[in-house]
Each structure stands twice: as C-alpha cells, then as structure tokens.
Amino acid sequence: MILQSSIHWTRFPARAHNGMHMPELPEVETVANGVHARIAGERIVSAWFSEKKEPMKSPPALMVQTLEGARVKQVRRVGKHIVFDLDRPAKNEITAVQWIVHLGMSGRLLVNAPDVELAPHTHAVLRLDSGREVRFVDPRRFGRLSIERSATGFTGPGSEPLTITFADFADLFRKRNTPIKAALLDQSSLHGVGNIYADEALFRAGIRPRRKAGSLTQVELQRLHKSLQKVLKEAIKLGGSSVSDYVDADGAAGFFQLKHRVYQRTGEPCLVCNTPIRRIALAGRSTHYCSKCQN
DNA sequence: AGGTTGACCTGGACGC
DNA sequence: TGCGTCCAGGTCAACC
C-alpha cells in the first residue's frame, strides 16, 4: 500500500540508532558466513585471551591449548552462536572439538591484517598461518567464548527457527502460559530469535505480543510460523549483500532498519493503518506493536 | 516447574 | 562542558 501523505507526518525524534551490531540470527549468520569465507582451511598458529573473566566461559588455558595448531574446517551459525569446527593435528579422539563464540549484545568478530591496531575491548586474538588474525571485540562483555567437546557436537539450546516444521513449532507454544513474545525469545525452545525479529514476526502475523502463547489458534500459529521464517530469511538475504566487507568494516550499519515495521518506530504511524505504534515493556525488553493490526 | 525480575557491563544520546 | 538519566541487538541466577 502506498502512503500518499507520508511526507506530512511529524517525524518523531528518531533516536539516532547506532545500528552497528545486531546480533540476532540474521546478523550472526552473516558474520559466521563472512568469517568462514575468509579463513576456512587455515591453521591457528597462536591464541591470546584478555584477563577479563566475563567473556570466558571456558578457561583461557584450555582454549589456548585447544586452538593452537588446530585447522579451521568450517565456521557456521547455530542459534545465536558461531561455531568453529576444528581439526586437530593428533586427533585420536572420537569427539568433535569446537570453539563457540556468542556475541552477546555488543560482540564483534573481525578478520584483520596483523598491522591493524587492536580495537579497545579486544578479548581474543587467533593468529592464522596466513598472518591474519581473528579478533573478538566486546565492550559490554556479555559475549561468551568456550570450547565444546562432545560426540554430537554443539547443537544449541533449542530448535532452529528456519527449518522447524509447523507441527514442531506449534508444539512449543501449545501449553505455555507466558506471553507469546517471551516464548519467542526463549532460546531453549527456539534459538536465534531476538527482540527485533520477535516484534517484527508478531506484527506480520497480526498477533499481540502479550497474548498467552497457549491461547493462539492453529491459524495464528500458522501465520506466526510463516512470518517468522519469512522475516528471518529476508533479513539474511539483505545482510548477505554486505557480507563482502562486513567483518572488516561493520558495514551493516543502518541496513535492517529499512525493513522494520514496528521495532523502534514508537509513535510513528503503522505502515498499514496509520495508527501510532505503541511501545510497552514485556519480559524486560522494549516491545513494539500496532494496537489495531495486532489482536 | 514455569514464569518473572534484576543483575551483569559499557557507551552513546539526550536534557538540564 | 559536564553530569545525570535512560536506553541498547542477550542471557542467567534467584526469586515467586
């Protein structure tokens, strides 16, 4: 629908939104793919970790011991985690060995030439045999770094939103008494969905964030399943267009917000019905919705 | 047991 | 300029 009079609307003080990091599923996938394209097949010559304890979920000594000498087979996304599948020199082990990176709220994973100055809040540096370095930078230190060793490999806390069947998706919400938005954010059922895409998927499905998950009808669940997968895939596709320099230059700034229909649009007119978008607090997060389009 | 709330951190925007 | 307040893409432990 074309909004003929859009230029007449008062622009709310559009909080200049530093859209530099967006570590939800589409962003994490973009980063993982970008790092994979740059370093797959390379060997890690040495590893260094900062003294800050917060981002270290495994002991730094264990991470150094595991990473040094290992070859990076693959870098991929699982939920909101970035998984480095490692090949180790003397592998007489049956278990998979992986380095797991979670970006938290402000984490960044960079591939830099060694002469590029270390950014403030750098907490990990892996030097590769090409001479380049993988660097983990995280001002807020909500990110997490760990080693995973298990027979099955890291599978994440929940189900993958992109591939889950409708039947399994519906089962996640059937008996739950929590608001649907809180249920979408619960990583142990569905992993990868964060605050932006929860709001955006609920808007596209026409469902209010505060509705009890268990109260959704079959039709509403179908709309939600479809909307969620669609919005995540669309975001990945858009992120993908800036993959070429994202890890070097955080070039994704301001990109996804072009597609936001409710997230951080408080007070601005709904793109469908012109009703001002509302903002409420739910599950400790700011939540945005249209009171007319979502029921 | 499932659901809810605050704590964990830094830094940028904004108001006075 | 400076200082206080609010806010941020995420989890968890500790409650009820």
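By convention in this document, chain letters (A, B, ...) are assigned in the order of the sequence lines, proteins followed by strands, and residues within each chain are numbered from 1.
Residue ring and nucleobase are not stacked for A/F142 and C/dT11 under a centre distance beneath 5.5 angstrom and an angle between planes beneath 30°.
Looking at DNA chain C, the stems built from 3 or more consecutive Watson-Crick or G-U wobble pairs, each pair with its key distances under 3.5 Å, are B:2-8 with C:10-16, B:10-16 with C:2-8.
Rounding to whole angstrom units, CG of residue A/L145 and P of C/dT11 are separated by 15 Å. Following rounding to the nearest Å, A/L190 (CG) and C/dG10 (C1') show an atom-to-atom distance of 15 Å. Following rounding to the nearest Å, A/L185 (CG) and C/dC12 (P) show an atom-to-atom distance of 14 Å. Atom CE of A/M56 is separated from atom C1' of B/dC8 by 16 Å (rounded to the nearest Å). Atoms CZ (A/R144) and P (C/dC12) sit 7 Å apart, rounded to a whole Å. Atom CD in A/E51 sits about 16 Å away from atom P in B/dC9, given to the nearest Å. The separation between A/Y197 atom OH and C/dG10 atom P is 11 Å, rounded to whole Å. Between A/H123 atom NE2 and B/dC8 atom C1' there is a gap of 14 Å when expressed in whole angstrom units.
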Identify all side-chain donor-acceptor contacts of residues 198-207 of chain A below 3.5 Å with residues at least two apart in sequence or on another chain.
from, atom 1, to, atom 2, distance (Å)
A/D199, OD1, A/K181, NZ, 2.7
A/D199, OD2, A/H288, N, 2.9
A/D199, OD2, A/H288, ND1, 2.8
A/E200, OE1, A/R204, NH1, 2.5
A/E200, OE1, A/R261, N, 2.8
A/E200, OE2, A/R261, N, 3.1
A/E200, OE2, A/V262, N, 3.0
A/E200, OE2, A/Y263, N, 2.8
A/R204, NH1, A/E200, O, 3.3
A/R204, NH2, A/K259, O, 3.1

Distance-only check: which donor-acceptor pairs under 3.5 Å involve side-chain atoms of residues 167-176 of chain A, not counting sequence neighbours?
from, atom 1, to, atom 2, distance (Å)
A/D168, OD2, A/T165, OG1, 3.3
A/D171, OD1, A/R174, NH1, 3.1
A/R174, NH2, A/Q218, OE1, 3.2
A/R176, NH1, A/D186, OD2, 3.2
A/R176, NH2, A/D186, OD2, 3.4

Could you go through residues 59-69 of chain A and list every donor-acceptor pair under 3.5 Å that involves a side-chain atom there, pairing it with any protein atom two or more places apart or in another chain?
from, atom 1, to, atom 2, distance (Å)
A/T66, OG1, A/L62, O, 2.7
A/E68, OE2, A/A47, N, 3.2

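Note on A/D87 versus A/R71: salt bridge recorded, some NZ/NE/NH1/NH2 to OD/OE distance being below 4.0 Å.
A sub-4.0 Å separation between OP1 or OP2 of C/dT11 and a side-chain N or O of A/S188 is absent. OP1 and OP2 of B/dT10 both lie 4.0 Å or more from every side-chain N or O belonging to A/H121. For C/dC7, the OP1/OP2 oxygens have no side-chain nitrogen or oxygen of A/S286 closer than 4.0 Å. A/H191 has no side-chain polar atom (N or O) that falls below the 4.0 Å cut-off from OP1 or OP2 of C/dG10. For A/K80 and C/dG9, the shortest distance from a side-chain N or O to OP1 or OP2 is not below 4.0 Å.
A distance of about 14 Å separates the P atoms of B/dG6 and C/dC6, rounded to the whole Å. With both ends at atom P, the span from B/dC9 to C/dA14 equals 15 Å, rounded to whole Å.
Annotation for A/R210: atom CZ does not count as buried by contact number, only 12 or fewer foreign heavy atoms lying within 6.0 Å. Within a 6.0 Å radius of NZ in A/K212, more than 12 heavy atoms belonging to other residues, nucleotides or ligands are found.
Distance from the side chain of A/Y263 is smallest for C/dA8 among the nucleotides B/dG3, C/dA8, B/dT4. Side chain of A/N195, nearest nucleotide from C/dG10, C/dA8, B/dG11: C/dG10. Among C/dG9, C/dT11, B/dT10, the nucleotide with an atom closest to any side-chain atom of A/R141 is B/dT10. Each of B/dC9, B/dG3, C/dA8 was ranked by its minimum atom distance to the side chain of A/N177; first place goes to B/dG3. In this structure, of B/dG3, C/dG9, B/dC9, it is B/dC9 that holds the atom nearest to the side chain of A/E54. Closest to the side chain of A/R279, out of B/dG11, C/dC7, C/dG10, is C/dC7.
The residue among A/Q187 and A/H288 whose nearest nucleotide of DNA chain C lies closer to the 5′ end is A/H288.
Using a 4.5 Å cut-off between side-chain heavy atoms of Ile, Leu, Val, Met, Phe, Trp and Tyr, with links allowed through other members, A/V35 and A/W99 fall into the same hydrophobic cluster.
Counted by atom type alone, A/N112 and A/E133 present zero donor-acceptor pairs between their side chains at under 3.5 Å. Using modelled atom types and a 3.5 Å distance limit, the side chains of A/S215 and A/R211 yield a donor-acceptor pair.
At a threshold of 4.0 angstrom between heavy atoms, the contacts of A/G104 are confined to the sugar-phosphate backbone, with no base atom among them. Within 4.0 Å of A/P55, counting heavy atoms only, lies no atom of the nucleic acid at all.
Aromatic ring orientation, A/H260 versus A/Y197: perpendicular (interplanar angle above 60°, classes split at 30° and 60°).
Contacts between residues 209-217 of chain A and DNA chain B, defined by a heavy-atom separation below 4.0 Å, involve no residue at all.
Looking at residues two or more places apart in sequence or on another chain, you find a salt bridge (charged side-chain N to carboxylate O under 4.0 Å, His left out) between A/R265 and A/E268.
A donor-acceptor contact under 3.5 Å links the side chain of A/R140 to the base of B/dC9.
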